[in-house]
Amino acid sequence: TLPLYMLIAVLVTFASVLAARCVALFDKLFRTLEPLISDFWWPVIGGVFIGLIGYFSPRTLGVGGQNISDFARGVVPPGQALGIACLKMLSWSIALGCGCSGGVVAPLLS
């Protein structure tokens with residue numbers, strides 16, 4: 001079981017680096033808009049993209065307590081869980097990058 005846990009640790013490490021880089025990317029992207037669009041509008045723009053993601057994948061919206069429960073019980077197939085996790089990380093990165101407040105721990109778990 002030790003090799004399995006080591007593999008999981010490596011995968012989680014890569015996922016955390018990817019998450020940090022996504023947030024930095026969206027932060028940089030929104031900062032490039034600064035000369036064109038007032039930072040007052042950044043959360044509006046971010047909210048539109050988060051809303052579009054949520055429209056097509058409603059499980060990405062909210063804190064994600066139900067997702068965590070369903071993942072732990074094995075109700076969600078692994079492929080669908082990976083898709084939800086990727087879209088959740090994308091919407092979380094957009095939210096933090098555009099200046100909206102967002103949870104830090106629970107959104108990444110779901």
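Treat the numbers as computed from the prediction; the structure is a model and nothing was measured.
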Review point. Where do Thr60 and Trp92 land on the side-chain contact (heavy atoms from CB on, under 4.5 Å) test, with the steps shown first?
Key: CA-CA 9 Å; Thr60 62; Trp92 177 77; over 6 Å; no
Exercise for review: Could you walk me through whether Ile94 and Ile53 pass side-chain contact (heavy atoms from CB on, under 4.5 Å), step by step?
Suggested key: CA-CA 11 Å; Ile94 292 170; Ile53 293 169; 4.0 Å; yes
Review point. Under a single-linkage rule joining Ile, Leu, Val, Met, Phe, Trp and Tyr whose side-chain heavy atoms are separated by less than 4.5 Å, which residues share a cluster with Tyr5?
Key: Leu4, Ile8, Val12
Review point. Does the side chain of Cys22 reach to within under 4.5 Å of the side chain of Leu18, using non-hydrogen atoms?
Key: yes
Point to revise | Short side-chain to backbone donor-acceptor contact, Ser57 and Gly54, under 3.5 Å | key: no
Review point. Should side-chain heavy atoms under 4.5 Å link Ile, Leu, Val, Met, Phe, Trp and Tyr, which residues sit in the same cluster as Leu2?
Key: Met6
Practice item. Only pairs at least two apart or in different chains count here, so list each side chain to side chain donor-acceptor pair (under 3.5 Å) that has a residue in residues 11-31. Key: Asp27-Arg31
Study note, to complete from the structure: Of all heavy-atom pairs linking Phe71 and Ala81, the shortest is CE2-CB, 3.8 Å
Practice item. Answer with yes or no whether the hydrophobic clustering places Val44 together with Leu61; edges join I, L, V, M, F, W, Y residues whose side-chain heavy atoms lie under 4.5 Å apart. Key: yes
**Study point:** Straight-line distance of Leu33 CG to Ser38 OG, nearest 0.5 Å
**Key:** 11.0 Å
Exercise for review: Could you tell me which residues satisfy side-chain contact (heavy atoms from CB on, under 4.5 Å) with Leu25, sequence neighbours excluded, listed by chain and number?
Suggested key: none
**Study point:** Approximate separation, where rounding is to 0.5 Å, of Phe30 CZ and Leu96 CG
**Key:** 11.0 Å
Point to revise | Side chains of Leu90 and Ile50 in contact at under 4.5 Å (non-hydrogen atoms) | key: no
Revision key, fill the gap. Looking only at heavy atoms, the pair that brings Trp42 and Ile37 closest together is NE1-O, 3.5 Å
Point to revise | Listed partners of Thr32 passing side-chain contact (heavy atoms from CB on, under 4.5 Å), at least two apart | key: Leu29
Point to revise | Within residues 65-84 or reaching into it, pairs that qualify as salt bridge (Lys or Arg N to Asp or Glu O under 4.0 Å) - sequence neighbours excluded | key: Arg59-Asp70, Asp70-Arg73
Exercise for review: Please answer whether the main-chain N or O of Met89 pairs with a side-chain N or O of Ser93 as donor and acceptor at a distance below 3.5 Å.
Suggested key: yes
Exercise for review: Check which hydrophobic residues are tied to Phe56 through side-chain heavy-atom contacts below 4.5 Å, counting indirect links as well, and list them.
Suggested key: Tyr55
